[in-house]
Amino acid sequence: MGDLFYRKHWTVEKPKAVILLIHGAAEHCERYDHVGQWFNQQGISLYSGDLPGHGKSPGKKGDIESFQQYISTANLWWDEITSLIPQVPHYLMGHSMGGLVAARLMETTSLSVLPRGVILSSPLFELQLEVPEWKDKMARLIRNIYPQLQMPSGIQPEQVSRDPQVVQSYARDPLISHKVSIRWYIALQKEMKQLWEEISSIPDVPFLILQAGTDKLVKPEAAERFYQQLPVRRKELKILPDLYHEILNEPEKEEVLQMIRSWAESLQ
């Protein structure tokens, strides 16, 4: 899955399906070890990796020259996985910023193999975190002078999950970054804007959107708007009322995983 990037595989012999999981901003793929193990128990292989500037992959933490680097990396992984295991259904899954990457991959790339389905977990289509006006103005003023200047992301560990162990682990994880560069912020804003402008180009592939109802990082309303505008025949939106942003790291995570499995099986 690309020699330049750290990657993680949770595989079984003769899998009945394969999932490519794209992680969110500031985190890394090893946080999904429990997800990989759970899917393995269902006879499903899970593949993931660290995006540029994340986890154990090269690149400055919290910085990116262009959002296209994330999309291109996901495209590379997808092509390799579908070539490596060609005879089974392939699913594309993205959490938070990884959901934006997955959606933009579908909008902008002519994939050689279309996913059997796309799964979005609390996708980052609009920020819930309010960026102070002064900070936004400052970023735009100096982006051409000092684009790699970094500022705190504003994400607090207790905002990601209601599980105290997850919160503690997030706070202590040395691979999680807590700052973002000005050009990363500008690139993200641009990509979220283009998501809505190019949504009509998404091919007719089934979508499952799982959105935390008590999300403190992204706006649940954006997931609902995306669902309404999504130009596909088979689509499903589930708002999970009490859950925080990381629905795969909440106390109800097994119920969420069961939802994904049941939906995927309904497509076969």
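Just so it is clear, the values below take in all heavy atoms, side chains as well, and ignore hydrogens, waters and symmetry mates.
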Visitor: Is there any ring-ring contact (aromatic ring centres under 6.0 Å, His included) pair reaching into residues 97-122, and which pairs are they, with sequence neighbours excluded?
Guide: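 Of all non-adjacent pairs touching residues 97-122, none passes ring-ring contact (aromatic ring centres under 6.0 Å, His included).
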
Visitor: So, for Gly213 and Pro220, which heavy atoms are closest and what is the spacing to 0.1 Å?
Guide: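 Scanning both residues, the minimum pair turns out to be O-CG, 4.0 Å.
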
Visitor: Tell me whether Lys61 contacts the main-chain N or O of Gly55 through its side chain, where contact means a donor paired with an acceptor under 3.5 Å.
Guide: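 The answer is yes, because a donor-acceptor pair under 3.5 Å joins these two groups.
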
Visitor: Report the relative orientation of the aromatic rings in His54 and His23; use parallel for angles under 30°, tilted for 30 to 60°, perpendicular for over 60°.
Guide: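 The arrangement is tilted - the two ring planes meet at 30° to 60°.
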
Visitor: Residues in side-chain hydrogen bond (donor to acceptor under 3.5 Å, both in side chains) with Gln211, at least two apart?
Guide: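 Only Asp215 meet the side-chain hydrogen bond (donor to acceptor under 3.5 Å, both in side chains) criterion with Gln211.
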
Visitor: Rounded to the nearest 0.5 Å, what's the gap from CG on Leu217 to CG on Leu127? Could you check?
Guide: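 Reported value, rounded in 0.5 Å steps: 9.0 Å.
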
Visitor: Any side-chain heavy-atom pair from Leu100 and Leu188 closer than 4.5 angstrom?
Guide: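 Side chain of Leu100 against side chain of Leu188, heavy atoms only: contact under 4.5 Å found.
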
Visitor: Which value, rounded to the nearest 0.5 Å, describes the distance between Lys8 atom NZ and Asp50 atom CG?
Guide: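 It comes to 10.5 Å.
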
Visitor: Would the distance check show the side chain of Glu158 and the main-chain N or O of Val167 forming a donor-acceptor pair, the cut-off being under 3.5 Å?
Guide: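 Pair absent, no side-chain N/O of Glu158 close to backbone of Val167.
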
Visitor: Below 4.5 Å, heavy atoms only, C-beta onward: do Leu248 and Met93 meet side chain to side chain?
Guide: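 With C-beta onward as the side chain, the pair touches.
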
Visitor: Is any side-chain heavy atom of Lys253 closer than 4.5 Å to a side-chain heavy atom of Ser161?
Guide: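 No - every pair of side-chain heavy atoms lies 4.5 Å or more apart.
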
Visitor: When you compare the side chain of Pro203 with that of Met106, does any pair of heavy atoms fall below 4.5 Å?
Guide: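 A side-chain contact under 4.5 Å exists here.
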
Visitor: Can you check whether Val166's main-chain N or O pairs, donor with acceptor, with Ser169's side chain at less than 3.5 Å?
Guide: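 Not at all, since once roles are kept as given, no pair shorter than 3.5 Å links the two residues.
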
Visitor: With sequence neighbours excluded, tell me which residues meet side-chain hydrogen bond (donor to acceptor under 3.5 Å, both in side chains) with Gln42.
Guide: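 If we apply the side-chain hydrogen bond (donor to acceptor under 3.5 Å, both in side chains) test to Gln42, skipping adjacent residues, the hits are Arg261.
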
Visitor: Once you round to the nearest 0.5 Å, how far does NZ of Lys216 lie from OH of Tyr244?
Guide: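 One gets 4.0 Å once the value is rounded to the nearest 0.5 Å.
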
Visitor: Could you tell me how the ring of His34 sits relative to the ring of Tyr32: parallel (under 30°), tilted (30 to 60°) or perpendicular (over 60°)?
Guide: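 Plane angle under 30°, so parallel.
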
Visitor: State whether the side chain of Asn249 and the backbone N or O of Asp163 hold a donor-acceptor pair below 3.5 Å, judged by distance alone.
Guide: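 Such a contact is absent between Asn249 side chain and Asp163 backbone.
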
Visitor: Please say yes or no: joined through hydrophobic side-chain contacts below 4.5 Å, possibly via intermediate residues, are Leu267 and Leu92 part of one cluster?
Guide: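 The answer is no; the residues belong to distinct hydrophobic clusters.
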
Visitor: Okay, side chain of Arg183, backbone of Ser181: is any donor-acceptor separation there less than 3.5 Å?
Guide: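 Pair absent, no side-chain N/O of Arg183 close to backbone of Ser181.
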
Visitor: Work out which heavy atom in Phe5 is nearest to a heavy atom in Leu76; give both atom names and the distance.
Guide: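 Closest approach of Phe5 to Leu76: CE1-CD2, 4.4 Å.
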
Visitor: Would Phe207 and Tyr227 count as a side-chain contact (heavy atoms from CB on, under 4.5 Å) if you check the C-alpha gap in whole Å, the side-chain angles of each, and the deciding distance to 0.1 Å?
Guide: CA-CA 9 Å; Phe207 270 74; Tyr227 169 78; over 6 Å; no

Visitor: Would you kindly confirm whether Ile22 and Ile247 end up in one hydrophobic cluster when ILVMFWY residues are joined by side chain heavy atoms under 4.5 Å apart?
Guide: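 No; Ile247 is not reachable from Ile22 via cluster members.
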
Visitor: Which heavy-atom pair separates Val88 from Pro15 by the least distance, and what is that distance?
Guide: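 Looking at all heavy atoms of both residues, the closest pair is CG1-O, 3.2 Å.
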
Visitor: Do the side chains of Gln165 and Gln168 get nearer than 4.5 Å, heavy atoms only?
Guide: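 Contact flag for Gln168/Gln165 side chains = no.
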
Visitor: Which heavy atom of Leu195 sits nearest a heavy atom of Ala103, and at what distance?
Guide: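 In this case the closest contact between Leu195 and Ala103 is CD1-CB, 3.7 Å.
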
Visitor: What pairs meet the side-chain hydrogen bond (donor to acceptor under 3.5 Å, both in side chains) rule with one or both residues in residues 81-102, with sequence neighbours excluded?
Guide: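 Counting only pairs at least two positions apart or across chains, the side-chain hydrogen bond (donor to acceptor under 3.5 Å, both in side chains) contacts touching residues 81-102 are Tyr91-Gln268, His95-Ser121, Ser96-His245.
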
Visitor: When clusters are formed by joining ILVMFWY residues with side-chain heavy atoms under 4.5 Å apart, either directly or through shared neighbours, do Ile209 and Ile119 land in the same one?
Guide: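 Shared cluster, no.
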
Visitor: I want to check something: taking the side chain as every heavy atom from C-beta on, are Met259 and Leu210 in contact at a cut-off of under 4.5 Å?
Guide: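 Contact flag for Met259/Leu210 side chains = yes.
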
Visitor: Quick check for you: to the nearest 0.5 Å, what is the distance between Gln258 atom CD and Glu252 atom CD?
Guide: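 So the CD of Gln258 and the CD of Glu252 are separated by 14.0 Å.
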
Visitor: Compare every heavy atom of Pro231 with every heavy atom of Ile202, then report the nearest pair and how far apart it is.
Guide: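 It is O-CG, 3.9 Å.
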
Visitor: Strictly below 4.0 Å, N to O, side chains only: are Arg104 and Glu198 in salt-bridge contact?
Guide: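 A salt bridge links Arg104 with Glu198.
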
Visitor: Mind running side-chain contact (heavy atoms from CB on, under 4.5 Å) on Met97 and Phe67 for me, showing each step along the way?
Guide: CA-CA 11 Å; Met97 187 190 76; Phe67 202 90; 4.1 Å; yes

Visitor: Taking all non-hydrogen atoms of both residues, which atom of Ile260 and which atom of Leu208 are closest, and how far apart?
Guide: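 Taking Ile260 first and Leu208 second, the nearest heavy atoms are CA-CD2, 4.1 Å.
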
Visitor: Mark yes when over 12 heavy atoms from residues, nucleotides or ligands other than Glu197 sit less than 6.0 Å from its CD; otherwise mark no.
Guide: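 Correct, the count exceeds 12.
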
Visitor: Can you establish whether the number of heavy atoms outside Lys16 located under 6.0 Å from its atom NZ is more than 12?
Guide: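 Atom NZ in Lys16 is packed in, count exceeds 12.
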
Visitor: Donor-acceptor check, side chain of Trp78 to backbone of Ser112, threshold 3.5 angstrom: yes or no?
Guide: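 The answer is no, because no donor-acceptor pair under 3.5 Å joins these two groups.
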
Visitor: Does NZ belonging to Lys179 count more than 12 external heavy atoms closer than 6.0 Å?
Guide: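 Atom NZ in Lys179 is not crowded, with 12 or fewer foreign heavy atoms closer than 6.0 Å.
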
Visitor: Taking atom CD of Gln159 and atom OG1 of Thr214, what is their separation to the nearest 0.5 Å?
Guide: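 OG1 of Thr214 is found 13.0 Å from CD of Gln159.
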
Visitor: Would you sort out whether Ile44 and Val12 count as a side-chain contact (heavy atoms from CB on, under 4.5 Å), showing the intermediate values?
Guide: CA-CA 7 Å; Ile44 298 169; Val12 295; over 6 Å; no

Visitor: Indicate the ring-plane relationship of Tyr170 and His178, choosing parallel, tilted or perpendicular according to the 30° and 60° boundaries.
Guide: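 Because their plane-to-plane angle is over 60°, the rings of Tyr170 and His178 count as perpendicular.
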
Visitor: Can you list the residues that meet the side-chain hydrogen bond (donor to acceptor under 3.5 Å, both in side chains) rule with Glu236, with sequence neighbours excluded?
Guide: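 Testing Glu236 for side-chain hydrogen bond (donor to acceptor under 3.5 Å, both in side chains), a comparison that skips the adjacent residues, returns Lys238.
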
Visitor: Any side-chain heavy atom of Trp10 within less than 4.5 Å of one from Ser48?
Guide: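 Sidechains of Ser48 and Trp10: in contact.
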
Visitor: Check whether Val160 and Leu257 end up in the same hydrophobic cluster, where Ile, Leu, Val, Met, Phe, Trp and Tyr are linked by side-chain heavy atoms less than 4.5 Å apart.
Guide: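 The answer is no; the residues belong to distinct hydrophobic clusters.
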
Visitor: In Å, rounded to the nearest 0.5 Å, how long is the span from CG of Leu120 to NZ of Lys235?
Guide: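 So the gap between those two atoms works out to 12.5 Å.
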
Visitor: Does Val180 offer a backbone N or O that forms a donor-acceptor pair with the side chain of Ser153 under 3.5 Å?
Guide: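 Absent.
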
Visitor: Same cluster for Leu111 and Val18 if Ile/Leu/Val/Met/Phe/Trp/Tyr side chains link at under 4.5 Å?
Guide: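 Per the 4.5 Å side-chain linkage, Leu111 and Val18 are co-clustered.
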
Visitor: Quick one: are Trp38 and Leu46 in side-chain contact, heavy atoms under 4.5 Å?
Guide: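 Result no, sub-4.5 Å side-chain heavy-atom pair not found.
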
Visitor: Any chance you could lay out the side-chain contact (heavy atoms from CB on, under 4.5 Å) test for Phe39 and Leu21, step after step, and finish with the verdict?
Guide: CA-CA 12 Å; Phe39 277 120; Leu21 171 63; over 6 Å; no

Visitor: Could you tell me which residues satisfy side-chain hydrogen bond (donor to acceptor under 3.5 Å, both in side chains) with Gln69, sequence neighbours excluded, listed by chain and number?
Guide: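 Here no residue qualifies.
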
